[in-house]
Peer 1: 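Pasting a structure below so you can have a look.
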Amino acid sequence: MTDDTKTNANDYRDTLFLPKTEFPMRGGLPKAEPKWIERWDEMRLYDRMREEAKARGAKPFILHDGPPYANGPIHLGTAMNKILKDLVVRGHQMLGYDASYIPGWDCHGLPIEWKVEEEFRSKGRGKDDVPGDEFRAACRAYAAKWIEVQKQGFRRCGVEGDWDNPYLTMNFESEAATVREFLSVAMSGRLVRGSKPIMWSPVERTALAEAEVEYHDRKVPVIWVKFPVQGEDFSVVIWTTTPWTIPANQAVSFNPDISYGLYEVETVMSEEELGFAPFAAPGDKYVLADALAEAVMDSAKVSGFKRVSDVDPKGWTLSHPLNELSDFYKHDVPMLAGDHVTDDAGTGFVHTAPAHGEDDFLVWIANGHTASDIRDIVNEDGVYEHPELPEALQGLDIIRTSGKKRGEQGKANQEVMRLLTEAGNLLSRGVTVIRDAHSWRSKAPVIRRATPQWFIAMDKPGTNGSAPLRDLALKALEDTGFVPPQLRNRITSMVADRPDWLISRQRNWGVPITLLVSPGGEPHTYALPEDKALEVNKRILDAIAAEGVEAWFSAEPAKFLDGIADPAGWEKVTDVLDVWFDSGTTHAFTLRDRGIIDEKTGQADVYLEGSDQHRGWFQSSLLENCATRSMAPYKQVVTHGFIVDSEGKKMSKSLGNTVEPQKVADQFGIEILRLWTASSDFTEDLRISDDILKTNAESYRRLRNTLRYLLGALDGYDEAEAVDAKDMPGLERWVLHRLAESDALIRKSYAAFDFKRVMSAMLNFCGVDLSAIYFDIRKDSLYCDAPSDLRRRSTRTVMALVLERLLVWLAPIMPFTTEEAFLISHIAGKADSVHLLTFPETPESWLDAAHAARWEKIFKVRRVVTGALEVERREKRIGASLEAAPEVYIQEKSLIEAFEGESPADIFITSGAELIDGAGTLAAYHLDDTPGVAVLPKKADGIKCARSWKYFDPKTADPAYPDITPRDAEAVREIREKS
RNA sequence: GGGCCGGUAGCUCAGGUGGUUAGAGCGCACGCCUGAUAAGCGUGAGGUCGAUGGUUCAACUCCAUCUCGGCCCA
């Protein structure tokens, strides 16, 4: 009980309304976040969101998840990717959609197979000792292990989704659906079998796709080789960095646009000068590109030579340089014209081994030869193997495939060079460094090797008369929306230029290519009449549905052909599908088979991935759905950049500039990472560093404190207290205007995936409009006015409306903190979780541009006043602004009128203020950018109110409360009467 | 080497179709408050808009070249 007779200042403290809340100033995020996730689990939040959205008839919004590869823990890039998706999904949920999200994983493929092989090897079992089914089971277990790890990591990031029912490309239903989709492509007639030189890794004994190789510098031999021109006394000279391909040579290419000359060697450098004997001899005659003749002669240690005549290589026939050594090389070597030949390096002639080079293959075919003419002398281990090959070459390896020197060059190159020397056709040799393809797993060099493979043709029309896949895909891209828009170019040009899609892999861990090849070498989908082929397909699908893909691997062709065709001579394809085909099919088994979108015509609203996926998932999904349904599987493609350090350099373990998500979670809390994700421009590269994270922690503090202040100010708030907007003071109506303005901006920004705009709008709104202006001004009313006072009730009403909106506007970005605040807020009763709410209606009537313009004028004057008070402070004449009662001289009429009905002292947070129409004295304070306003800062007269700390004239005091202002006396009366 | 994209204050971002002293928030410096207190408020200092050249009366905004960085490819 207080003693009324005392006038001690502290006495009024308990008559003040000070902010009171359990919401701590500091979030303690690292510890709190996992608890919130548990809570959401327990309440089945994701299911509740679906149920409630459906109950209110919400339109679906589908972001289809691109699957990460299940072979390691998550890193910052994958975390950011998932958080971004979560922002999109949560944002649209808040906008009122039924925004479901099914996360997925990519499970098949080489990297996992490689790891599992390693595991077997460490137990002393080589790849040929492990049965296929056991091997695949081990791969399955390996993927499952990492899926669990990654799932926990993503969940820790606050990503909401159907974590109990994710899609996995290795699920039996997914595998069955992938087979179904593949057979559908096969039936469309776009499938072709070809023998093409493709990238082949001898170490892994597999074909590799572009996405599976990386380019590194490598030291390689370089040789200049003479090909004798038949019927002449001179040779054409070629240059190559792959001596091992010489035994497979079948032609030499030239370019008709290059000028060639016949050159004769006159003198060569001596053995004494060189330390070895040059291969060239005086009198030798070579044909060379004129632009390169000197360089070639240099390499050949020729010290003097002359140009004999112009020549035209067209129509010549050459002999193989090993012609003398074996019957295998007695064949003619034709000259082929090709524009891949240039005269800026080499000799102007290109040795052509169609089995071992893309260009070689193309020029070979273009000159009327066929794929069956191609000499294939290298087996899957990268070893020479051919019955007619000279004994010296049999069994030599190109790349070492095992042991310590794995990946280094094998014996083939040396032996070829030796044989060329023996044959007298090696002109020169050396060593150079080239950038060449290496397997991304083993890091060993890859070779190009012709192998029978399956392709999806880009330019072949479908059997049902549909357009070629390339045309369908390009058309589909035109119909697709792109964020950012300029990236449409990128995927379009990639699709326009890409070669046929190589989909076969000679591996174990994958979805089988379920084709039966007829005795005539055709897949059953073409070899059989359509109805019979469909019957076979049905048997295949039924078997896989019943027993999984093992049903294919273990079956004999008869199982599928009996009664339809004579199984004799038919072969089962044992290759598996490229993993990109699997992932390109995710829309089918995740969205279509689950009934989320229409089987035939449905599209996901958004695919969102990093820019690398223009070549990857965006494209594989596009091609797959165009081949099967003639349209893109998505309406919009959203692309994000990559994470780089504070200098803009990419992250790498060797540079030591990586940031681990777990470390961020432990040190700052994942919400800080979410704040960072939201405030960055994700369409470009995203910079991160410790300092950048600290900056975001500061932003978090500001947002959290704003929520905290609102919660404190609204302690005990009741709807009954609420005041109608039209009855509120001008300042409150200005806040409502800002609220309505923000509402439009926030909705628009979330809809456009522009989270950084949400962030900057929120930070500005909280930091400036609320904290620096509104809260600061209304502190006095909030703390000191009587509970029944209209101004105070208006303040609390507005604060309640502000809090209600801030919580949901921020919820997608800060799901933890907003939930924490929501549950102790005045609207906690509205739902069990803030995430079950949507953005509330914000009356357009709150928008009042004229009113806002008026308040801009008031704030303009306010800035001059605060400036003037700052000078007083510096001069030590005042401390708190309440010690002042300025005279404000205003010449511009509209500025004075803006204050009509308002209390300038309240707005300036001074004990008094007088607005005077006039110029003021020269001594008055003014700002250059606000002419016509001058402030004479006067000290407030009177005594300091013991309650509100405002200075006032004691003569005006209520006799019962002489030490406080009449306003405070009234408030104290009301409070004490009630208690 | 090729294709696409980007380079605005210390940091994160704004800056329709070229046009007055290039903005915000944060950070920083200084000061105030001590009834949002490991908070709050105020004032201030920071950028010739990656570089160079050009078009124009006028360019951060258009063009060219270069440079740095990213993704993809060779």
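Note that this is a predicted model, so its numbers are computed, not measured. Chain naming here is simple, since letters A, B, ... match the order of the sequence lines and numbering starts at 1 in each.
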Peer 1: Would you kindly say whether A:Arg947 and A:Thr15 are connected by a side-chain donor-acceptor distance under 3.5 Å?
Peer 2: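 A:Thr15 and A:Arg947 do have a side-chain donor-acceptor pair below 3.5 Å.
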
Peer 1: Starting from P on B:rG44, measure out to CG on A:Asp928 and report it in whole angstrom.
Peer 2: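 Between P of B:rG44 and CG of A:Asp928: 11 Å.
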
Peer 1: Base, sugar-phosphate, or nothing: which does A:Asn705 touch, judged by heavy atoms less than 4.0 Å apart?
Peer 2: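 Touches a base.
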
Peer 1: To the nearest Å, how far apart are A:Ile964 CD1 and B:rG35 P?
Peer 2: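 Taking atom P of B:rG35 as the reference, CD1 of A:Ile964 is at 17 Å.
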
Peer 1: Between the side chains of A:Thr639 and A:Ser611, does any donor sit under 3.5 Å from an acceptor?
Peer 2: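 On atom types as modelled, these side chains do not qualify, holding no pair under 3.5 Å.
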
Peer 1: Report, as yes or no, whether the 6.0 Å neighbourhood of atom NZ on A:Lys748 holds more than 12 heavy atoms from other residues, nucleotides or ligands.
Peer 2: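 Atom NZ in A:Lys748 is not crowded, with 12 or fewer foreign heavy atoms closer than 6.0 Å.
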
Peer 1: Considering every strand and a 4.0 Å limit on heavy-atom distances, what is the contact class for A:Leu16: base, sugar-phosphate, or nothing?
Peer 2: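 Base, at least one base atom sits under 4.0 Å.
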
Peer 1: I'd like to know whether the aromatic ring centres of A:Tyr607 and A:Trp617 sit less than 6.0 Å apart in this structure.
Peer 2: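 That pair passes the under 6.0 Å test.
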
Peer 1: Using Watson-Crick or G-U wobble geometry with both distances below 3.5 Å, tell me the partner of B:rA45, or none.
Peer 2: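 Checking every strand shown, B:rA45 finds no partner, since no pair has both distances under 3.5 Å.
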
Peer 1: Roughly, in whole Å, what's the span from CD in A:Glu872 to P in B:rU43?
Peer 2: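 For the pair A:Glu872 CD and B:rU43 P, the rounded distance is 15 Å.
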
Peer 1: Tell me which of A:Ala772 and A:Gln613 sits closer to the 5' end of RNA chain B, going by the nucleotide each one is nearest to.
Peer 2: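 Mapping each residue to its closest nucleotide by heavy atoms, the 5'-most match is A:Ala772.
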
Peer 1: Go along nucleotides 25-34 of chain B 5' to 3' and tag each nucleotide: B for a protein heavy atom under 4.0 Å from its base, S when only backbone or sugar atoms are that close, - otherwise.
Peer 2: SSS--BSSSS

Peer 1: Check whether any side-chain N or O of A:Ser611 sits under 4.0 Å from OP1 or OP2 of B:rC4, and answer yes or no.
Peer 2: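 No, A:Ser611 has no side-chain N/O under 4.0 Å of OP1/OP2 on B:rC4.
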
Peer 1: Is there a side-chain contact between A:Lys694 and the phosphate of B:rC11, meaning an N or O under 4.0 Å from OP1 or OP2?
Peer 2: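 For B:rC11, neither OP1 nor OP2 has a side-chain N or O of A:Lys694 closer than 4.0 Å.
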
